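A short write-up of the structure that comes next.
Each chain gets a letter, A, B and so on, in the order its sequence line appears, and its residues count up from 1. Note that the structure is a prediction, hence the values are computed from the model and not measured.
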Amino acid sequence: MMQVTALLFASYAEHLGRDAVSLELPDGATVDDVLRHLAALPGGDRLPPEPLVAVNLEYAARGHALAPGDEVAVIPPIAGG
Amino acid sequence: MMQVTALLFASYAEHLGRDAVSLELPDGATVDDVLRHLAALPGGDRLPPEPLVAVNLEYAARGHALAPGDEVAVIPPIAGG
Amino acid sequence: MRSAIVTHVLDPAALLAEVSAARHGAAVVFVGTVREVNDGRAVTGIEYRAYAPMAERELATIIHEAAARSGGADIVAEHRMGRLGLEEASVVIAVAHPHRAPAFDAARYVIEELKRRVPIWKREEYVDGTREWVDPTAARTPESVAGPPRAG
Amino acid sequence: MRSAIVTHVLDPAALLAEVSAARHGAAVVFVGTVREVNDGRAVTGIEYRAYAPMAERELATIIHEAAARSGGADIVAEHRMGRLGLEEASVVIAVAHPHRAPAFDAARYVIEELKRRVPIWKREEYVDGTREWVDPTAARTPESVAGPPRAG
């Protein structure tokens, strides 16, 4: 097992009522597993099925394999500028 | 006959050693006639055969017919900015 | 080359001065400001939030990409966070280059990529007191349909 | 909408402030400056001259064309005359528009048309003390071969 941190921002943080979630995942878990865990939380049904995700500050695909301590950011539609 | 003023600038003014020339031209004279007169002045051979010309602050073609009092500017290659 | 996510008031003239140099013949400054209307709704202010460490990293990557593509641009970019009132600058990008075409292109590249890739969000406040996170992917205006990047 | 041929030091921040308004969401400022090298020769300064009444008229026409094409840009442009040292600004164009793409396009349009149509000349001064009127139509750099307008 390993521990990773999921970060939530803006509208996503409001949907789930928090901006960070600690998750215990089996070795070999991927970004997809994090998204499934988040979707199962109260308010998680309001996350889109395929949000943008970054692992340790870099955009990552859903199949990206995680390592212990990874920071997985679930990124709402970007609206800078 | 009518009188028009030819204006010279930058390198053209240096070629002819002056920045304005008063010309007496026959009625119906055109920009082309002004250019011929200027070419015949000392240093006038250093003007290009087809310089850019403006009449009364507007670009004009060589065949443009002049009126008494017109200001005919002979415009060297533009280099603003 | 410098970029930052900041909380202070932006100063376009200072950023212009920062990129200016005798080897350059052209400078382009882009300033994004809070507009009083968005999608037909009267806006009173905007709150900006970022995933700051990633935003700083991504913005730095973008200005280095732009400088490399331009062949010699100096670029400084700052994006402000927090609550901004009407007309306040949210982003300033200053580019200087020996020639004007690459200066324009680099400034344009930075703002377009910033809007596509830098994790920043904004919550608009409306005259009726309500506020809402802006979702450009859901917007009705044709100019805002370009989506965010999909990682590979 | 304002344009002028001036002899004072240009102030990009003042021109930016002049076009800024709550209806705009983007501003682009272009600044042309005296570069230390041109066509491989070391430059120490540039003297700008204009056929002032025509230059003012042509520049005014250009910014109104740009504003009309952009659908709602506010534009201010100033070109400085006289002797300028290295790094000094010879021209500043400030554009504000509700959206960024038309702001960029309008700024680009004004500087390109200015260089094509506004009767301004420059005499470069070189380190060896010589000086020369610049003829972009005779220049060796590929970027400067576009010729001036032919009147119809």
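If you take CG on A:L52 and CZ on C:R117, they are separated by 11.5 Å, rounding to the nearest 0.5 Å. Between the OH atom of A:Y12 and the CH2 atom of C:W133 there is a distance of 12.5 Å, given to the nearest 0.5 Å. Separating the CZ atom in C:R57 from the CG atom in A:N56 is a distance of 8.5 Å, to the nearest 0.5 Å. In this structure, the separation between CD1 on A:I78 and CZ on C:R116 is 9.0 Å, given to the nearest 0.5 Å. Considering CD of A:E71 and CE of C:M54, their distance stands at 10.5 Å, rounded to 0.5 Å.
Both the backbone and the side chain of C:Y51 come within less than 4.5 Å of a heavy atom in chain A. C:E58 touches chain A through its side chain: at least one heavy atom from C-beta onward sits under 4.5 Å away, while N, CA, C and O do not. Both the backbone and the side chain of C:V134 come within contact range of chain A, each with at least one heavy atom under 4.5 Å from a heavy atom of that chain.
The number of heavy-atom neighbours closer than 6.0 Å to CZ of A:R46, taken from other residues, nucleotides and ligands shown, is 12 or below.
Among A:A79, A:A54, A:G80, A:A73, the residue with the largest count of heavy-atom pairs under 4.5 Å with chain C is A:A79.
The two residues A:G81 and C:S90 have their closest heavy-atom pair at O-OG, 3.2 Å.
Below 30°, between 30° and 60°, or above 60°: for C:W121 and A:F9 the angle between ring planes is below 30°, a parallel geometry.
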